2 protein chains.
Amino acid sequence: MKYSNATNYALHTMVHIMRQSNGEPVGVQELAAMQKLSPTYLSKILTKLTKSGLIESTPGVKGGYKISRKQKEISFLDVIKSIEGDTNLFECSIHHEGCLIENVMRQAEDNMKQELENKLLIDIVRMAEEKQTGIQSQ
Amino acid sequence: MKYSNATNYALHTMVHIMRQSNGEPVGVQELAAMQKLSPTYLSKILTKLTKSGLIESTPGVKGGYKISRKQKEISFLDVIKSIEGDTNLFECSIHHEGCLIENVMRQAEDNMKQELENKLLIDIVRMAEEKQTGIQSQ
DNA sequence: TCAATTAAAGATAAATAGAGTCTTTAATAT
DNA sequence: ATATTAAAGACTCTATTTATCTTTAATTGA
Ligand code: SF4
Ligand code: SF4
């Protein structure tokens, strides 16, 4: 059981788009080159992010992707759900009345998800920028 | 990303062995029949649990599996690690200095694992037995 | 209008992991 | 010795993940 690579790519892509803070959209070529991925593959990931409303795409010349308006609220969980889907890690097909095992597994998973929901992309973008500024100012 | 079915089987198997509280070992046939699995398949799961020290096996006539001596300390996490392995859900091959993304993912995962470590199998076995007693006493 | 650019969608293929079976080997009790 | 039981290995089947290639649709700007 692992997060897919796509989730990793999606998180890095989101951060990169957010740091590209001049309103210009970023093209898939640039985003793919940065992560050494094929543009067509990353394109599928970007399409998922677009459908989830986390980024907005414009086709055509000067088109590309930019972060959605709700930029300041996007959490890690939002990105993960967009790529991995919104299902539970532990699913039992039976669902007995008052099941104790599933309860425990769900509670634990919720703890992880809550942390992922509380962590916003914008926070780590800011931290990364501060760090960079710190280095530059020396 | 999902827990494997094997993890579900392992949890149920552990609970069943623990409830079989007369010191007799339980055979794989019984455990497999209960969950409608093939004995050879469940056998692989049981071997993993044995290698992790959660249960003890004895071959031969009247052999089978019984819970390990540290019965009262076995957590959900112990069982899950035995089946899924002890790796992280999110792994980045690069490991940049002061990586922010991996930090967040790890912290969230640790929250899940902590909950799974705090929940002991013996607790839910007791709860299940209390519930059954309640029903029988009516 | 037309050509260049860019995202979206679909078909397909390769690689990996998960689920499961079958057969052989080793250990144990009677 | 023989029956019984776990362990191990080879193997198959299926689903998912990763990835590529091709076609279609939308947009800009000359
Ligand atoms: S007890 Fe819970 S997890 Fe187990 S089979 Fe019933 S519903 Fe599923
Ligand atoms: S920033 Fe962290 S997660 Fe991203 S590539 Fe570097 S080490 Fe990996």
Side-chain angles (χ1 to χ4, degrees), chain A residues 1-10 12-13 17 20 23-33 35-68 80 82-85 87 89-93, chain B residues 1-10 12-13 17 20 23-33 35-68 80 82-85 87 89-93:
Chain A
M1 181 175 65
K2 287 228 172 299
Y3 284 106
S4 67
N5 295 345
T7 291
N8 186 329
Y9 301 146
H12 286 83
T13 301
I17 296 175
Q20 185 80 11
E24 302 286 288
V26 191
V28 68
Q29 290 86 330
E30 179 182 336
L31 295 164
Q35 296 176 79
K36 288 173 187 151
L37 297 175
S38 83
T40 42
Y41 177 45
L42 185 59
S43 168
K44 312 222 131 171
I45 293 169
L46 287 160
T47 300
K48 279 190 179 181
L49 293 170
T50 304
K51 286 194 172 164
S52 309
L54 304 181
I55 54 179
E56 288 162 17
S57 69
T58 49
V61 178
K62 287 300 227 170
Y65 301 90
K66 59 187 179 198
I67 204 78
S68 107
I80 291 167
S82 172
I83 304 299
E84 304 272 349
T87 60
L89 262 45
F90 185 90
E91 307 243 27
C92 174
S93 44
Chain B
M1 182 174 64
K2 288 227 171 298
Y3 284 106
S4 67
N5 295 346
T7 291
N8 186 329
Y9 302 147
H12 286 83
T13 300
I17 296 175
Q20 187 80 9
E24 303 283 290
V26 192
V28 68
Q29 290 84 332
E30 179 182 334
L31 294 164
Q35 296 177 77
K36 290 173 186 152
L37 297 174
S38 85
T40 41
Y41 178 45
L42 185 59
S43 168
K44 312 216 133 172
I45 294 168
L46 287 161
T47 300
K48 280 190 179 180
L49 294 170
T50 304
K51 287 193 170 163
S52 309
L54 305 181
I55 54 179
E56 289 162 15
S57 69
T58 49
V61 178
K62 286 300 222 171
Y65 300 91
K66 59 187 183 202
I67 204 78
S68 109
I80 291 167
S82 172
I83 304 299
E84 305 272 348
T87 61
L89 262 44
F90 185 90
E91 308 242 29
C92 174
S93 46

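The structure displayed is predicted, hence computed values, not measured ones. The figures here come from the full heavy-atom set of this structure, side chains too, leaving out hydrogens, waters and symmetry mates. Chain A is the first sequence line, chain B the second, and so forth, proteins listed ahead of strands; every chain is numbered from 1.
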task: Rounded to the nearest angstrom, tell me the gap between atom CG in A:L37 and atom P in D:dC21.
output: 15 Å
statement: Considering only heavy side-chain atoms of B:K44, the closest of D:dA7, C:dA9, D:dG9 is D:dG9
- request: Step by step, work out the side chain to side chain contact (heavy atoms under 4.5 Å, CB included) result for B:L42 and B:T13.
  value: CA-CA 9 Å; B:L42 185 59; B:T13 300; 3.8 Å; yes
- prompt: Hey, does the side chain of B:S38 come within less than 4.0 Å of C:dG20's phosphate (OP1/OP2), counting only N and O?
  reply: no
task: Return the value, rounded to whole Å, for the distance between atom OH of A:Y3 and atom P of C:dT16.
output: 23 Å
- request: Could you tell me whether the side chain of B:S57 reaches within less than 4.5 Å of the side chain of B:L46, counting heavy atoms only?
  value: no
- line: Which of A:T47, A:L49, A:I55 passes side-chain contact (heavy atoms from CB on, under 4.5 Å) with A:K51? It is A:T47
task: Using a cut-off of strictly less than 4.0 Å, decide whether B:T58 has a side-chain nitrogen or oxygen near OP1 or OP2 of C:dT28.
output: no
field: Spacing between B:Q35 atom CD and C:dG20 atom P, to the nearest angstrom
entry: 12 Å
Length of the line joining A:I55:CD1 and C:dA8:P, which is rounded to integer Å: 8 Å
Nucleotide nearest A:V61 when distance is taken to its side chain, options D:dC21, C:dG20, C:dA4: C:dA4
- request: Name the residue closer to the 5' end of DNA chain D, choosing between A:N5 and A:P59 according to the nucleotide with the nearest heavy atom.
  value: A:N5
message: Rounded to whole Å, please give me the gap between CG in A:L49 and C1' in C:dA8.
response: 14 Å
message: Counting only side-chain nitrogens and oxygens, does B:Y9 get under 4.0 Å of the OP1 or OP2 atom of C:dG20?
response: yes
query: Taking only N and O in the side chain of A:S57, is any of them less than 4.0 Å away from OP1 or OP2 of C:dA8?
result: yes
task: Would you kindly give the CE-to-P distance between B:M1 and D:dT16, to the nearest whole Å?
output: 15 Å
query: B:Y65 has an atom OH; how far is it from atom C1' of D:dT5, in whole Å?
result: 8 Å
- prompt: In whole Å, what is the span from the NZ atom of B:K48 to the P atom of C:dG18?
  reply: 9 Å
- prompt: Are any side-chain N or O atoms of B:T7 and backbone N or O atoms of B:I80, one a donor and one an acceptor, separated by less than 3.5 Å?
  reply: no
task: Please state whether the phosphate of D:dA8, meaning OP1 or OP2, lies under 4.0 angstrom from any side-chain nitrogen or oxygen of B:K51.
output: yes
- prompt: With distance as the sole criterion, do the side chain of B:K2 and the base of D:dT16 form a donor-acceptor contact below 3.5 Å?
  reply: no
message: Quick check: closest heavy atoms across B:I83 and B:A10, and the distance to 0.1 Å?
response: CG1-CB, 3.6 Å
- request: Compare the minimum distances between each of D:dT22, D:dT18, C:dA19 and the side chain of A:A6, then state the nucleotide with the smallest one.
  value: D:dT18
query: On DNA chain C, nearest-nucleotide positions of B:E84 versus B:T40: which is more 5'?
result: B:E84
- prompt: Out of B:E91, B:M1, B:E84, which one pairs with A:K2 under the side-chain contact (heavy atoms from CB on, under 4.5 Å) rule?
  reply: B:E91
message: Below the 4.0 Å mark, does D:dC13 have OP1 or OP2 next to a side-chain nitrogen or oxygen of B:Y41?
response: no
- request: Report the nucleotide, chosen from C:dA19, C:dA7, D:dA6, that has the shortest atom-to-atom distance to any side-chain atom of A:Q29.
  value: C:dA7
